[in-house]
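Position 1 is the first residue of the sequence, and the numbers go up from there. Bear in mind the structure is a predicted one, so any value in this text is a computation, not a measurement. Note that these values count all heavy atoms, side chains included, but never hydrogens, waters or copies made by symmetry.
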Amino acid sequence: MKIGIDIASITRIAKSYERLGAAFLSKFLRKSEIKILRKNSQSIAGFWAAKEAASKALGCGISKHCGFKDIKISKNKKGAPILEFSKKTRKFFKIKKASLSISHDGDFAVAVVAIKGKK
């Protein structure tokens, strides 16, 4: 089991989104993620933190082995986040299962990712 965590400043993410708009979102989100994202700073920062936490759990950070778009966030019927990886990333890191939790408080969004790999 590997764990990754990230905390993001909602204000910092809001400034980037205000300055760059849709280009900022498309830099780190897939089209399907943009569709389910509430376009508010808290949600955007939460998705950012989730992708950073996922890459940290893999031990590589956002890199050639796992880019932002190799990580996919969706939601279940109850609105809880679901974490998936591209086939390339799942295979390279031998990912069997992943779990994601996102929370917001004050000016911060935090995400925790747990990944279980194959032996």
Side-chain angles (χ1 to χ4, degrees):
M1 181 76 62
K2 294 182 180 184
I3 304 292
I5 187 168
D6 191 70
I7 186 166
S9 163
I10 294 169
T11 300
R12 181 178 60 86
I13 295 296
K15 286 179 183 176
S16 294
Y17 182 51
E18 288 169 12
R19 193 173 71 248
L20 302 170
F24 174 68
L25 298 181
S26 64
K27 183 176 182 173
F28 76 99
L29 295 171
R30 295 169 176 222
K31 289 179 184 178
S32 62
E33 293 168 317
I34 294 170
K35 286 181 184 177
I36 64 165
L37 180 69
R38 283 181 254 133
K39 302 237 178 20
N40 62 49
S41 302
Q42 294 86 355
S43 295
I44 297 167
F47 275 46
W48 179 277
K51 292 194 175 208
E52 289 284 349
S55 69
K56 289 174 182 179
L58 295 174
C60 65
I62 298 298
S63 66
K64 69 177 181 175
H65 297 296
C66 181
F68 279 121
K69 294 188 180 176
D70 288 316
I71 303 163
K72 180 183 175 189
I73 301 166
S74 59
K75 294 188 178 186
N76 69 15
K77 291 178 183 177
K78 295 181 180 180
I82 298 169
L83 183 64
E84 298 174 69
F85 292 92
S86 67
K87 184 176 181 179
K88 170 193 83 159
T89 301
R90 279 194 325 270
K91 188 174 180 177
F92 184 83
F93 290 100
K94 300 176 182 161
I95 300 167
K96 186 174 180 182
K97 190 174 179 180
S99 183
L100 167 64
S101 181
I102 304 172
S103 188
H104 314 89
D105 189 28
D107 189 41
F108 296 99
V110 65
V112 176
V113 170
I115 295 175
K116 182 177 182 181
K118 296 176 185 175
K119 293 184 178 185

Can you name the side chain to side chain donor-acceptor pair (under 3.5 Å) partners of T89, sequence neighbours left out?
S86
What pair of heavy atoms forms the shortest contact from F92 to H65, and how long is it?
CZ-ND1, 3.3 Å
Is there a donor-acceptor pair closer than 3.5 Å between any side-chain N or O of R38 and the backbone N or O of S43?
no
All heavy atoms of I71 vs all of S55, minimum pair found to be CD1-N, 4.2 Å
Restricting to non-hydrogen atoms, name the atom on I82 and the atom on N76 that form the minimum distance, rounded to 0.1 Å.
CD1-N, 3.5 Å
Min side-chain heavy-atom separation I95-L58 under 4.5 Å:
yes
With the side chain counted from C-beta on, respond yes when F108 and I10 share a heavy-atom pair under 4.5 Å apart, and no when they do not.
no
Check the orientation of W48 and F28. Use parallel for under 30°, tilted for 30 to 60°, and perpendicular for over 60°.
perpendicular
Looking at I3 and A114, what are the two nearest heavy atoms and their distance?
CD1-CB, 3.7 Å
Those residues at least two apart in sequence (or on a different chain) that pass side chain to side chain donor-acceptor pair (under 3.5 Å) with D107 are S9, T11
Heavy atoms of G46 and A111 approach each other most closely as O-CB, 4.5 Å
Kindly indicate, with the supporting measurements, whether the criterion salt bridge (Lys or Arg N to Asp or Glu O under 4.0 Å) is fulfilled by E33 and K51.
CA-CA 12 Å; E33 293 168 317; K51 292 194 175 208; 2.9 Å; yes
